[in-house]
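Working notes, structure below.
In listed order, ligands and their atoms are each counted from 1. For reference, positions follow the sequence shown, starting with 1.
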Amino acid sequence: MFPASFDYVAAHSVEEALQLMAKHGEEGKLLAGGHSLLPAMKLRLAAPRVLIDLATVPGLSDIRVDGKNLVIGALTVHADIAGSELVRKHLPGLADAASVIGDVQVRNRGTIGGSVAHADPAADLPVILTALDASFVVQSANGRHTFAADDFFTDFYTTAMNANEILTEIYLPMPPSGTGTAYAKLPHPASGYVVVSAGALITKQASGTCAAARVAIGGLGSGPIRAIATEMEMQGKPLTPQTIAAAAAKAAEETDPMEDSYASADYKRHVATVYARKAIEAALERARN
Ligand SMILES: Cc1cc2nc3c(=O)[nH]c(=O)nc-3n(C[C@H](O)[C@H](O)[C@H](O)COP(=O)(O)OP(=O)(O)OC[C@H]3O[C@@H](n4cnc5c(N)ncnc54)[C@H](O)[C@@H]3O)c2cc1C
């Protein structure tokens, strides 16, 4: 399979990339790791005339601490996130998710920014980033602004970003002590993409009650879905197996998943309760240690 012919241009700064986007308009497309865009081009689902490479822009692939946030550059590849000491120490749930994406080649080329911007409903990172309350920093010719994860994934393959904007960084609040994070995924046996997945952030008080919970589910809708009923079921209660089971049982409430050739809607709803429980239990285990 070959894509339609296209031109390639390497950007060397975010500003240059923005100028190239303005110059080429709808005919231009940003290229990061190419592991979603190039397959789409080969299938002729996309046919940009010009690819504007972001991988040649320095400074977009760092993982650093900034005050109370962990900051990840948009061009950071999945393998670097999975292996990062900082990520493993502060937000191991993110490392869980990055380490189960595709195969080694995909993890060495695909970027967090590309995954988020592509907004595939079966992607891993949008789910855990929603559970971790991430903020997405985007830049345009008019300046920078930030989207909360809850407002970012608006539809299938669609985000709140405008076509003239570049995602540059992702801010992740570093949670207080007594917090654990985790991600659990049922992969499709053929593609490895998400059938259903769950990301959880749980903060427990010394007494063992739940001080804060964020749980996001993937695979049930056009993007990650906050399991608000699950979160509320745990809030302020002792995190006993009974509380967790009752909370996880609500993970698919008010969702309407699409059936496909692999899984019925009922099966997906059931699996969501199982994987929500797995993610919550794993997060709680980390919160204890
Ligand atoms: C065989 C295979 C298996 C895979 N398995 C999984 C899996 O199990 N789980 C999973 O989550 N993903 C999976 N993926 C997808 C993979 O994670 C991709 O790398 C990722 O979705 C896109 O990242 P990228 O850097 O490759 O982006 P690209 O393909 O380069 O770009 C994707 C889209 O985002 C836009 N874009 C890229 N960067 C930016 C930016 N900084 N600002 C604004 N727009 C931008 C591009 O213009 C394009 O529209 C798989 C891919 C392959 C090929």
Side-chain angles (χ1 to χ4, degrees), residues 1 3 6 8-11 13-14 17-18 20-21 24-43 45-57 59-61 72-82 94 96-130 136-140 144-145 147 152-153 156-170 183 185-197 199 218-219 223-224:
M1 288 187 287
F6 59 89
Y8 166 92
V9 51
S13 66
V14 173
L18 288 168
L20 288 163
M21 287 164 75
H24 296 291
E26 288 187 355
E27 299 205 316
K29 195 91 180 142
L30 294 173
L31 175 69
H35 271 53
S36 290
L37 182 54
L38 292 183
M41 289 168 65
K42 289 180 176 180
L43 292 167
L45 296 171
R49 297 281 306 123
V50 183
L51 290 186
I52 302 160
D53 199 354
L54 286 177
T56 44
V57 176
L60 290 183
S61 52
I72 303 184
L75 270 285
T76 309
V77 298
H78 309 320
D80 287 349
I81 294 169
L94 179 59
D96 292 346
S99 65
V100 294
I101 295 173
D103 53 25
V104 173
Q105 181 183 335
V106 174
R107 293 195 290 275
N108 278 322
R109 294 294 302 178
T111 68
I112 188 170
S115 174
V116 166
H118 190 57
D120 188 322
D124 292 282
L125 294 180
V127 181
I128 188 66
L129 291 172
T130 298
F136 301 111
V137 180
V138 302
Q139 197 165 328
S140 72
R144 283 157 58 103
H145 66 111
F147 292 100
F152 190 74
F153 301 100
F156 294 96
Y157 301 99
T158 308
T159 72
M161 264 195 303
N162 291 316
N164 64 349
E165 291 176 326
I166 296 175
L167 176 65
T168 55
E169 288 181 318
I170 295 159
Y183 179 76
K185 165 188 186 178
L186 175 69
H188 190 286
S191 70
Y193 276 88
V194 165
V195 175
V196 170
S197 71

task: Could you pull out, from A17, S36, P39, G28, the option with a heavy atom nearest to atom 18 (C) of ligand 1?
output: S36
query: Nearest 0.5 Å, what's the CG-CG distance between L30 and L20?
result: 9.5 Å
- prompt: How far does CD1 of I166 sit from CZ of R144, to the nearest 0.5 angstrom?
  reply: 12.0 Å
message: According to side-chain hydrogen bond (donor to acceptor under 3.5 Å, both in side chains), does anything in residues 107-129 pair up with another residue at least two apart or in another chain? List the pairs.
response: D124-Y183, D124-K185
- prompt: Between S191 and ligand 1, does any nitrogen or oxygen pair lie at a separation below 3.5 Å?
  reply: no
message: Treating E165 as the side-chain partner and N162 as the backbone partner, does any N or O pair qualify as donor plus acceptor under 3.5 Å?
response: yes
message: Looking at ligand 1, is there an atom of it that comes within less than 4.0 Å of some heavy atom belonging to H78?
response: yes
- request: Counting heavy atoms only, name the option from P48, G110, A117 that's nearest to atom 35 (C) of ligand 1.
  value: A117
- line: Candidates G114, A123, G218, A122; heavy atom nearest atom 37 (C) of ligand 1 found on G114
- prompt: When you look at I170 and L129, which way does the side-chain contact (heavy atoms from CB on, under 4.5 Å) test go after all the steps?
  reply: CA-CA 9 Å; I170 295 159; L129 291 172; 4.3 Å; yes
message: Counting only nitrogen or oxygen atoms and a 3.5 angstrom limit, does G102 reach ligand 1?
response: yes
field: Heavy-atom proximity to atom 11 (O) of ligand 1, best of N108, D124, V14
entry: D124
- line: Near G33 (heavy-atom distance under 4.0 Å), the atoms of ligand 1 are 24 (P), 25 (O), 26 (O), 27 (O), 30 (O)
message: Over 60° means perpendicular and under 30° means parallel, so tell me whether F153 and F136 are parallel, tilted or perpendicular.
response: perpendicular
- prompt: Which part of Q139 is near ligand 1, with near meaning a heavy atom under 4.0 Å away: side chain, backbone, both or neither?
  reply: neither
- prompt: Does Y193 reach ligand 1 with a nitrogen or oxygen that is under 3.5 Å from one of the ligand's nitrogen or oxygen atoms?
  reply: yes
message: Test your reading of the model: is there a side-chain donor-acceptor pair from T56 to the backbone of A11, 3.5 Å cut-off?
response: yes
- request: Can you measure from CD1 (I72) to OG1 (T168) and round to the nearest 0.5 angstrom?
  value: 13.0 Å
- request: Answer yes or no for D120: is there a heavy-atom contact with ligand 1 below 4.0 Å?
  value: no
- line: For G192, the atoms of ligand 1 under 4.0 Å from one of its heavy atoms are 8 (O)
message: Could you identify the single nearest non-hydrogen protein atom to atom 26 (O) of ligand 1 and state the distance to 0.1 Å?
response: H35 N, 2.7 Å
field: side-chain contact (heavy atoms from CB on, under 4.5 Å) between I128 and D96, intermediate numbers included
entry: CA-CA 9 Å; I128 188 66; D96 292 346; over 6 Å; no
- request: State if H188 counts as touching ligand 1 under the rule of any non-hydrogen atom under 4.0 Å.
  value: no
- request: Check ligand 1 against K29 and write out every atom of the ligand that is under 4.0 Å from a heavy-atom position of the residue.
  value: 47 (O), 49 (O)
Ligand 1-proximal atoms of L54, by part, heavy-atom distance under 4.0 Å: side chain
- line: Here the gap from L167 atom CG to F152 atom CZ, rounded to the nearest 0.5 Å, amounts to 5.5 Å
task: Kindly confirm or rule out an N or O of V106 lying under 3.5 angstrom from an N or O of ligand 1.
output: no
- prompt: Who's closest to atom 31 (O) of ligand 1 heavy-atom-wise, of L37, V127, D53, L51?
  reply: L37
- prompt: For ligand 1, does T111 get within less than 4.0 Å through its side chain, its backbone, both, or neither, judged by non-hydrogen atoms?
  reply: both
message: Tell me whether L75 has any N or O atom under 3.5 angstrom from an N or O of ligand 1.
response: no
message: If I apply the N/O under 3.5 Å rule, does M161 come out as touching ligand 1?
response: no
- line: Taking every heavy atom of T159 against every heavy atom of A119, the minimum-distance pair comes out as CG2-CB, 3.7 Å
task: Specify the protein heavy atom at minimum distance from atom 42 (N) of ligand 1: its residue, its atom name, and the distance to 0.1 Å.
output: L167 N, 2.9 Å
- request: Would you give the length of the straight line joining atom CG of L37 to atom CG of L31, rounded to the nearest 0.5 angstrom?
  value: 6.0 Å
task: Examine A32 against ligand 1 and note whether any of their N/O atoms are separated by less than 3.5 Å.
output: yes
message: I need the atoms of ligand 1 closer than 4.0 Å to a non-hydrogen atom of K185, numbered in the order shown.
response: 8 (O)
field: Spacing of T76 atom OG1 and E169 atom CD [to the nearest 0.5 Å]
entry: 9.5 Å
- request: Name the option, out of I166, I52, L30, that contains the heavy atom nearest to atom 46 (C) of ligand 1.
  value: L30
task: Mark up the atoms of ligand 1 that fall under 4.0 Å of a heavy atom belonging to G34, in ascending order.
output: 24 (P), 26 (O), 27 (O), 28 (P), 29 (O), 30 (O)
- prompt: Can you list the steps and then say if I81 with L94 is a side-chain contact (heavy atoms from CB on, under 4.5 Å)?
  reply: CA-CA 8 Å; I81 294 169; L94 179 59; 3.8 Å; yes
- prompt: Residues in salt bridge (charged side-chain N to carboxylate O under 4.0 Å, His left out) with R49, at least two apart?
  reply: none
